[in-house]
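Each ligand, and each atom within it, is numbered from 1 in the order the structure gives.
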Amino acid sequence: MDHRVIAPAPGSPAFQCKLRKSPSPSPAPWKCRVLAASSSERQFFQRKRPIYVPSRIDDPSYVRIFDTTLRDGEQSPGATLTSKEKLDIARQLAKLGVDIIEAGFPIASPDDLLAVKGIALDVGNRVDDDGYVPVICGLSRCNKADIAAAWEAVSHALRPRIHTFIATSEIHMKHKLRKSPDEVVQIATDMVGYAKSLGCQDIEFSPEDAGRSDPEFLYRILAEVIKAGATTLNIPDTVGYTLPSEFGRLIAMIKENTPGSQSVVISTHCQNDLGLATANTLAGAYAGARQLEVTINGIGERAGNASLEEVVMAIRCRGDEQLNGLHTGIKPKHIAVTSRMVSDYTGMTVQPHKAIVGANAFAHESGIHQDGMLKFKGTYEIMCPEDIGLVRADEAGIVLGKHSGRHALKTRLSQLGYELESKQLDDVFKRFKAVADKKKSLSDVDLEALLSDEVFQPEVVWALLDLQVVCGTLGLSTATVKLSGPDNIQRVGTSIGTGPVDAAYKAVDSIVQIPVTLLEYSMNAVTEGIDAIANTRVVIRAENSTPVTHAQSTEPVQRSFSGSGASEDVTVSSVRAYVSALNKVIGFSKAVPSSESSVSATQATTVATK
Ligand code: KIV
């Protein structure tokens, strides 16, 4: 990271060492304007979440965390979420303590609007004992229909916010919008004014592609939207183009040169195309941004966004020493479970070496590292797994096997951060017993695989009851499946195929009868050993579904849906994943009025009972 941007706190040993190494000891001009709290101020604020006021934050070191997993994150291919899944994730984000939840893009489809409204009504009205309730935000382009839809959805929350955006880079204005800079300023001002006229007091404005926009034009448009009523100015590096030094400078220059910027909150939104989203976000925070837009696991368009867990843990680990005491209101112990939930629901697997939440993030493989860890954990760990809600496997003292009871399972899951409702625990326990009968002991990863398969699933419309396959080199692969349907009637389908999975999927299709295309199929063993549980992930596209409006592209897009399944039997695991993805398609279209959707749940049922 560029030392001029993320500079150590003055007085710290690291700062002195950096100064000696610096080729130009005088700080960049914009650096002087960084708003930092003195140490006595920091003590005074005692790291509490300040009272929420849209346009200002009374603790200068407090950074708002704006989570856009449900909006930008859901724009990842295959990451489509049903309304129920969105609500579950929003509840979990509130547990985590995010300040603002961007719950969706309400104009995208009637289902999106309903999902955002549901979150506003539920999560947006649950005030905790400290007075915390997240702001619920809806995205809109700069036009009246989008803004009205966003307001219709979020206005039910105690703290509703409209986030409206229009592109400001020359390349976007010329080729995408086909509008002059003057027209763009006019539209932005009018639409922020329109949002205000609806009664919205909390308005965020984003100049899309700010990272490639002319800074002088940014100062102008931002000054105008402040006058029109914007309370947060979000600066997106939409295509992940800038370097940390550049992005930090942009934030500082905007603060310095935009008339009225002192009376609003400046925000960052960094995409990860060059792998710099987290670094850029931190550079923005150091330069004075006090809202950071992030997603869980860093999911999002193309290469994704700055990841919440990386940004939050970087601030937590280094904020005092390197970032002038910045702090957030996030409770990191909920990070691991939130990451798991988002990964399971979106089908976006977390790579093993992903910082903070990857499977290897706290694994010490080499002998030298293990030796160091045994002597003193600080040798190779800059944070503890416990900080993010993980339990060290070797310290748990519990091995679960076929003799373990429901209570032991509940205790272990709760130690891992999962608090299940009674029915969910029953379901997981049933699966646990079935697997434990075949497998000597179940590790935490086995338990989490079962949990994903039973709990983090779309609502069950179709359920796999039985499966039988015949396959091999002699003769045709044949599969027979028995499913129970939405009416609780059991149906049996049989098919041949090129292999057992193909035959089984065709047998399922013969019952469910929703035309889909299989886009992706992958399987992995969750642990070592021949008796390991196999995890399958599929992504399908529903061929007859109505395309939805995409916030940042001009063309409507066809949604794709993921599904996952786990079993010690690879074909069962594959079929569970496929049925789960089909349930997601049905669950998603259920919330859409039938005139909007050609894959409605009712249709699927009717066809299947023929
Ligand atoms: O990347 C981007 O520019 C966005 C805006 C809508 C904030 O997602």
Chemist: Could you list the residues that satisfy ring pair (Phe, Tyr, Trp, His ring centres under 6.0 Å) with F66, not counting sequence neighbours?
Modeler: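 By the ring pair (Phe, Tyr, Trp, His ring centres under 6.0 Å) rule, F66 matches no residue at all.
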
Chemist: Under the side chain to side chain contact (heavy atoms under 4.5 Å, CB included) criterion, do N305 and V294 qualify, and how do the steps go?
Modeler: CA-CA 6 Å; N305 285 70; V294 289; over 6 Å; no

Chemist: Regarding E208 and R141, does a basic nitrogen lie under 4.0 Å from an acidic carboxylate oxygen?
Modeler: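 Salt bridge flag = no for R141 with E208.
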
Chemist: Partners of Y62 by ring pair (Phe, Tyr, Trp, His ring centres under 6.0 Å), sequence neighbours excluded?
Modeler: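 H327.
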
Chemist: Do other residues, nucleotides or ligands put more than 12 heavy atoms under 6.0 Å from K144 NZ?
Modeler: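 It does not: K144 NZ has 12 such atoms or fewer within range.
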
Chemist: With sequence neighbours left out, write down each residue that passes ring pair (Phe, Tyr, Trp, His ring centres under 6.0 Å) with F247, or none if nothing qualifies.
Modeler: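 Scan of F247 (ring pair (Phe, Tyr, Trp, His ring centres under 6.0 Å), adjacent residues dropped) gives none.
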
Chemist: Using a 4.0 angstrom limit on heavy atoms, which residues are close to ligand 1?
Modeler: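 The 4.0 Å shell around ligand 1 contains R71, D72, H163, F165, S206, E208, N234, P236, T238, H269, Q271, Q552.
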
